[in-house]
Amino acid sequence: MTAIQRTRRFLKHSVAAIALPILAAAVLIAACSDDRDAQQTAQQAEPQAEQPTVVAQAQQQQAERSQQVEYQQEQQQAMQQQAEQVEQDEEQESYSVATSAASQQDRQEQASAEQAEQQAQQQEAMEEADEDSSDAYPNSGGPYPEDEQQQVTLRPRPGATNFEDYPSLGWRDTDQDDTSTFSLDVDRTSYFLALNWVQNGYAIEPASVRAEEWINAFNYRYDRPDVDDSFAVTTDIVRHPLNDDLHLVRIATQAPEFVDNTPLNVTLVLDSSGSMREGDRVEIARAAAESIRRGLGDDDRIAVVLFSDGIVDHAEHERPGDRGIRRVIDRLTPLNSTNVQAGLNLGVELADDIRRQRPDAHNYVILMSDGVANVDATDPFAILRSAEDRDERNPLRLITVGVGIANYNDVLLEQLAQHGNGWYRYLQDVAQARSTFSRENWLALSIPFADQARAQVRWDEQAVAGWRLVGYENRVTADRNFEQDRQEFAEIPMGSATTMFFEVELTDDAQRRDLLELGEVELRWLTPRSDQSNRQQAEIGGRVHEWGDDALLDLGTVVALAADRYSWFGQDGLGQNTFTTAADELDDLASWFESLPTSILDTQAGRDFAQLLQAMGAVADHHESEDPGYAG
């Protein structure tokens with residue numbers, strides 16, 4: 001039985017007629033893990049008093065965004081930026097990414113005229129939306145008119161972007177294959193990259209969606225371990241929201257937090273090539289580099305390498321307050337082509353030198369780039385071979401930091417980090433760069449708890465008839481590799497959590513039980529800067545959660561399934577029936593989101609995720625309507 005056969009449901013009468021209003025209604029959703037303060041505040045928030053009013057506003061905001069995209073395509077870039085800022089200031093949009101640059105009088109007058117026209121349209125549309133809300137669907141603000149629904153289609157992917165389309169993992173019959181082995185993962189870049197695309201008017205590229213990175217973008221508030229040398233492991237079973245015959249199993253690992261005064265050796269490798277001229281890439285990279293430098297202490301050392309088609313400038317390791325270090329960071333200016341290999345080769349050479357001088361420090365090489373390598377080696381594995389690190393006991397940890405939208409190579413940056421014993425982050429703007437690499441966040445990220453961390457799940461065929469891992473397509477490995485210490489297995493920073501979801505089909509015998517025992521999960525990892533190998537086991541079982549028993553578990557369930565189903569649209573060889581199923585299930589998942597409590601929904605991060613859901617719905621409807629279903 002295929003994954004689609006196991007998850008398919010009866011189609012709605014018209015997905016296109018109701019998907020967008022449901023998705024637009026999900027305006028307040030989820031809480032991202034990078035925003036703990038917002039989540040703590042949300043726990044005290046009171047329920048909204050006027051839900052139909054909120055939905056009506058969401059409908060109008062979506063209509064205005066569609067008009068804005070059309071207007072932008074007709075104007076010059078400078079005019080576009082000013083008009084967009086004026087519109088968004090008036091509407092009090094929290095997602096604004098525009099900046100105001102033009103200052104000539106005729107442009108200001110034209111922008112003001114456009115603003116007045118938008119206000120008139122807004123008032124008229126809001127009156128209509130208020131009327132519609134009196135006859136609203138349950139948990140919805142009423143349907144969009146069909147012609148307005150089609151206007152929300154976003155622009156296609158920007159040019160010169162590179163993603164790897166990993167096929168989704170299929171179902172396994174437990175009596176044929178009872179074991180799943182994969183690397184743990186703490187990356188969340190796929191989520192924030194998609195958010196940046198949508199906020200800049202682009203449709204989400206399905207191939208860019210790695211479900212595990214969407215799942216791990218949220219904070220599920222797992223319990224911390226009681227000791228500082230092992231994980232806390234959480235397992236849960238929940239009814240499947242899309243198929244009454246299936247269940248979902250969540251397995252989560254939470255690394256401990258502890259005091260670690262180990263000094264740091266940091267080598268910044270900054271892309272100074274011409275492609276970094278686009279947008280504010282240089283400003284983002286410079287802000288991140290400065291935040292890292294300022295977050296280091298006197299016992300730490302930092303070096304900087306600037307590269308374009310060759311080495312532009314560099315400063316060897318010094319204390320973070322050194323004038324030469326600051327001078328090189330300030331010199332970051334875009335020019336010429338991109339030779340990532342040259343930059344990393346020198347960076348690794350400098351990092352290896354300081355590691356020999358200071359062997360008791362943690363060692364990080366941090367590459368900030370758009371990933372557009374076009375000189376010398378351009379393949380991630382060729383680049384890693386040329387900058388190979390042979391000291392596995394005290395490795396150089398390669399962190400990649402991506403910036404930009406168009407002209408962006410996600411594959412290079414993601415693979416360099418995965419196989420370079422590090423992790424991958426994406427920065428949308430200068431504010432996020434400063435926040436991600438603030439002293440508090442950076443010090444937590446820079447303290448490794450586990451190297452080469454991986455998991456193996458073994459299912460009991462007496463309880464589980466079939467299973468399927470959601471996401472982790474480029475993290476799975478052969479079962480025999482579980483016993484091996486391999487560099488592509490993940491580094492887990494102190495305090496980090498990893499979450500996995502499995503879709504499972506229980507046996508008839510298991511479904512009759514109140515307390516389930518489904519199998520076990522085993523973790524293996526190395527203690528950093530040592531040869532100590534560790535292993536930890538936990539049973540997978542417990543009672544079945546109903547929807548509403550655990551709101552954060554419900555949140556993770558919907559995030560996992562929404563990202564997984566949307567990724568189907570980017571895969572070759574799938575038919576129209578699969579796209580129809582995916583569109584139908586995204587519609588259902590949006591409805592499930594609406595029933596989450598306001599303590600989760602009412603956050604800025606929630607509005608961000610609602611925007612992603614709206615964009616996903618638009619793409620899903622497009623795919624669903626490509627084949628009219630009639631004979632030629």
Side-chain angles (χ1 to χ4, degrees), residues 154-168 185 187-214 269-279 281-282 284-285 307-309 334 336-344 367-387 398-420 422-428 471-475 488 563 566-573 615 619:
L154 299 170
R155 289 175 286 174
R157 63 187 289 174
T161 53
N162 187 20
F163 299 100
E164 183 67 34
D165 185 7
Y166 298 103
S168 294
D185 183 26
D187 290 347
R188 60 200 65 171
T189 288
S190 173
Y191 175 87
F192 288 105
L193 192 148
L195 180 62
N196 199 27
W197 274 39
V198 170
Q199 290 178 342
N200 281 273
Y202 293 103
I204 304 169
E205 173 60 35
S208 76
V209 176
R210 294 183 287 272
E212 68 275 14
E213 297 184 21
W214 286 51
V269 181
L270 308 181
D271 188 344
S272 187
S273 66
S275 61
M276 292 288 286
R277 184 177 293 109
E278 299 181 24
R281 302 182 191 200
V282 165
I284 294 172
F307 71 92
S308 58
D309 54 354
N336 301 331
S337 301
T338 310
N339 191 334
V340 174
Q341 181 182 11
L344 278 181
L367 170 67
M368 299 187 190
S369 174
D370 53 25
V372 185
N374 51 27
V375 177
D376 286 346
T378 59
D379 175 82
F381 299 103
I383 293 173
L384 287 171
R385 283 194 298 270
S386 71
L398 177 57
I399 298 171
T400 56
V401 179
V403 294
I405 299 179
N407 208 18
Y408 185 84
N409 190 339
D410 173 78
V411 175
L412 178 72
L413 297 173
E414 196 266 343
Q415 289 293 295
L416 285 175
Q418 178 174 342
H419 295 274
W423 36 267
Y424 174 30
R425 287 292 186 272
Y426 179 80
L427 301 178
Q428 296 171 259
Y472 289 86
E473 288 88 356
N474 69 331
R475 301 282 179 172
E488 65 265 27
Y566 185 79
S567 71
W568 293 358
F569 294 117
Q571 298 176 28
D572 295 332
V619 172

Is any side-chain heavy atom of [X] closer than 4.5 Å to a side-chain heavy atom of [Y]?
| X | Y | answer |
| --- | --- | --- |
| Arg425 | Asp187 | yes |
| Glu414 | Arg210 | yes |
| Leu398 | Leu344 | yes |
| Leu270 | Met276 | no |
| Glu278 | Val372 | no |

Before giving the answer on side-chain contact (heavy atoms from CB on, under 4.5 Å), spell out for Asp165 and Gln571 the whole-Å C-alpha distance, their side-chain angles and the decisive distance to 0.1 Å.
CA-CA 6 Å; Asp165 185 7; Gln571 298 176 28; 3.6 Å; yes
Between [X] and [Y], what is the shortest heavy-atom contact and its length?
| X | Y | value |
| --- | --- | --- |
| Ala373 | Val340 | CB-CG2, 3.7 Å |
| Leu413 | Asp370 | CD1-C, 4.1 Å |
| Pro156 | Tyr202 | O-CD2, 3.1 Å |
| Ser337 | Asn374 | CB-OD1, 3.4 Å |
| Pro158 | Ala406 | CB-CB, 3.6 Å |

Would you say Tyr426 and Asp410 are linked by a side-chain donor-acceptor pair, where the criterion is simply a distance under 3.5 Å?
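Absent: no donor and acceptor within the cut-off.
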Between Thr161 and Glu205, do the side chains contain an N or O donor and an N or O acceptor separated by less than 3.5 Å?
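Their side chains do not contain a donor-acceptor pair, so the 3.5 Å distance test is not met.
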Gap between atom [atom2] of [Y] and atom [atom1] of [X] - 0.5 Å precision:
| X | Y | atom1 | atom2 | result |
| --- | --- | --- | --- | --- |
| Ser208 | Asn162 | OG | CG | 12.0 Å |
| Ser567 | Tyr166 | OG | OH | 13.0 Å |
| Ile284 | Leu427 | CD1 | CG | 6.5 Å |
| Arg281 | Tyr408 | CZ | OH | 9.0 Å |
| Asn196 | Ile204 | CG | CD1 | 11.5 Å |

Would a distance-only check, ignoring hydrogens and angles, find a side-chain to backbone donor-acceptor pair under 3.5 Å from [X] to [Y]?
| X | Y | result |
| --- | --- | --- |
| Ser308 | Asn336 | no |
| Glu213 | Thr189 | yes |
| Glu212 | Asp185 | no |
| Ser273 | Thr338 | no |
| Thr400 | Leu367 | no |

Apply the test side-chain hydrogen bond (donor to acceptor under 3.5 Å, both in side chains) to residues Gln418 and Asn474: give CA-CA distance (whole Å), side-chain angles for both, the deciding distance (0.1 Å), then the verdict.
CA-CA 10 Å; Gln418 178 174 342; Asn474 69 331; 3.2 Å; yes
Sequence neighbours excluded, which residues qualify as ring pair (Phe, Tyr, Trp, His ring centres under 6.0 Å) partners of Trp197?
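By the ring pair (Phe, Tyr, Trp, His ring centres under 6.0 Å) rule, Trp197 matches Phe163.
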Please lay out, stage by stage, how Leu412 and Ile383 fare under the test side-chain contact (heavy atoms from CB on, under 4.5 Å).
CA-CA 10 Å; Leu412 178 72; Ile383 293 173; 3.8 Å; yes
